[in-house]
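Written below as structure tokens is the structure these notes are about.
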Amino acid sequence: MSVSAQQIMLVRNSFALVHPSAPQAAELFYKNLFDINPALRLLFTGDMGQQGQKLMQMIGAAVGLLDRPDQLLPVLRQLGARHGGYGVQDSHYAEVGQALIQTLEQGLGEAFCPATRQAWLAVYDLISRTMIAAARKRMDAMAA
């Protein structure tokens, strides 16, 4: 895993600052995401409040398991395979990452220092690579 102990600490500390305002953070995240790519709104058919709650729970769970890749990676693989079935494309992960970083910048202000930004980029890289690989594997299995 390419996330250091220092980066895990930075991500956990910054997420702890965001967590008390999780509903607002999720709302801001989806606003940023749909500003980046309005077509992504079509992938979300349910209640966006519930979707935001799921997002924040998933991020919180991932942050909590960063130092336990044997537990984290299987969860991410399952999530990636499911998202592939929802129509999520590889290119969407970059847009989600951009929206995540933008949301953290907006929500954390000065607390989102360069080291914290790099830590989140490393964590998101791990998450997105794992999920993309699982979605591709699912698609390959379906095509076979």
Side-chain angles (χ1 to χ4, degrees), residues 1-3 7-114 116-144:
M1 195 163 97
S2 58
V3 180
Q7 288 174 319
I8 290 171
M9 183 193 70
L10 288 169
V11 166
R12 284 182 174 164
N13 289 346
S14 58
F15 188 71
L17 297 174
V18 171
H19 189 64
S21 58
Q24 295 84 0
E27 185 178 330
L28 181 58
F29 167 80
Y30 285 112
K31 179 197 176 307
N32 290 333
L33 181 62
F34 299 147
D35 285 349
I36 292 165
N37 184 347
L40 290 178
R41 187 179 299 273
L42 299 174
L43 296 177
F44 297 90
T45 57
D47 177 88
M48 288 307 293
Q50 289 180 346
Q51 180 64 39
Q53 187 176 14
K54 289 179 190 177
L55 171 74
M56 297 307 288
Q57 288 173 345
M58 189 280 299
I59 293 172
V63 167
L65 292 174
L66 284 173
D67 55 354
R68 291 173 285 194
D70 56 318
Q71 293 176 31
L72 175 61
L73 295 178
V75 172
L76 292 176
R77 289 183 191 112
Q78 289 175 339
L79 198 58
R82 273 203 324 265
H83 278 71
Y86 301 150
V88 175
Q89 312 265 321
D90 290 1
S91 62
H92 296 156
Y93 285 90
E95 295 164 336
V96 167
Q98 182 182 346
L100 174 65
I101 296 301
Q102 183 179 358
T103 301
L104 290 165
E105 285 173 341
Q106 292 165 323
L108 294 172
E110 290 181 15
F112 197 64
C113 67
T116 300
R117 177 189 184 89
Q118 282 308 116
W120 274 99
L121 288 170
V123 166
Y124 186 72
D125 180 63
L126 171 73
I127 291 170
S128 62
R129 280 187 296 107
T130 304
M131 289 179 66
I132 288 169
R136 287 180 184 165
K137 186 175 180 179
R138 178 183 186 265
M139 294 305 288
D140 291 346
M142 289 176 62

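Keep in mind the model is a prediction, meaning the values are calculated, not measured.
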| Flag, side chain of D125 to backbone of L121, donor-acceptor distance under 3.5 Å | no
What pair of heavy atoms forms the shortest contact from [X] to [Y], and how long is it?
{"X": "A134", "Y": "A81", "result": "CB-N, 4.0 Å"}
{"X": "A22", "Y": "M56", "result": "O-CG, 3.7 Å"}
{"X": "F44", "Y": "L40", "result": "CD1-O, 3.2 Å"}
{"X": "P74", "Y": "P69", "result": "CD-O, 3.9 Å"}
{"X": "I127", "Y": "A62", "result": "CD1-CB, 4.3 Å"}
{"X": "E95", "Y": "N37", "result": "OE1-ND2, 3.1 Å"}

| query | Stepwise, does the side chain to side chain contact (heavy atoms under 4.5 Å, CB included) test hold for I101 with Y124? | reply | CA-CA 9 Å; I101 296 301; Y124 186 72; 5.9 Å; no
Would you call [X] and [Y] a side-chain contact if the rule is heavy atoms closer than 4.5 Å?
{"X": "L73", "Y": "L126", "value": "yes"}
{"X": "V123", "Y": "Q7", "value": "no"}
{"X": "R117", "Y": "E105", "value": "yes"}

Quick one: side chains of residues 8-18, donor-acceptor pairs under 3.5 Å with protein atoms, not counting sequence neighbours, listed by atom name and distance.
| unit_1 | atom_1 | unit_2 | atom_2 | d |
| --- | --- | --- | --- | --- |
| R12 | NE | V63 | O | 3.0 |
| R12 | NH2 | V63 | O | 3.3 |
| R12 | NH2 | G64 | O | 2.9 |
| R12 | NH2 | D67 | OD1 | 2.9 |
| N13 | ND2 | M9 | O | 3.4 |
| S14 | OG | L10 | O | 2.9 |
| S14 | OG | V11 | O | 3.1 |
| S14 | OG | W120 | NE1 | 2.7 |

To the nearest 0.5 angstrom, please state how far the [atom1] atom of [X] sits from the [atom2] atom of [Y].
{"X": "K137", "Y": "R77", "atom1": "NZ", "atom2": "CZ", "result": "8.0 Å"}
{"X": "I132", "Y": "Q89", "atom1": "CD1", "atom2": "CD", "result": "11.0 Å"}
{"X": "Y30", "Y": "Q51", "atom1": "OH", "atom2": "CD", "result": "3.5 Å"}
{"X": "K54", "Y": "M48", "atom1": "NZ", "atom2": "CE", "result": "10.5 Å"}
{"X": "Q24", "Y": "K31", "atom1": "CD", "atom2": "NZ", "result": "15.0 Å"}
{"X": "Q57", "Y": "H19", "atom1": "CD", "atom2": "NE2", "result": "9.0 Å"}

| request: Please lay out, stage by stage, how Y93 and V88 fare under the test side chain to side chain contact (heavy atoms under 4.5 Å, CB included). | output: CA-CA 8 Å; Y93 285 90; V88 175; 3.7 Å; yes
| request: I would like to know whether N32 and Q106 meet side chain to side chain contact (heavy atoms under 4.5 Å, CB included); could you show each step before the answer? | output: CA-CA 10 Å; N32 290 333; Q106 292 165 323; 2.8 Å; yes
| Under 3.5 Å, is there a donor-acceptor pair between the Q102 and D35 side chains? | no
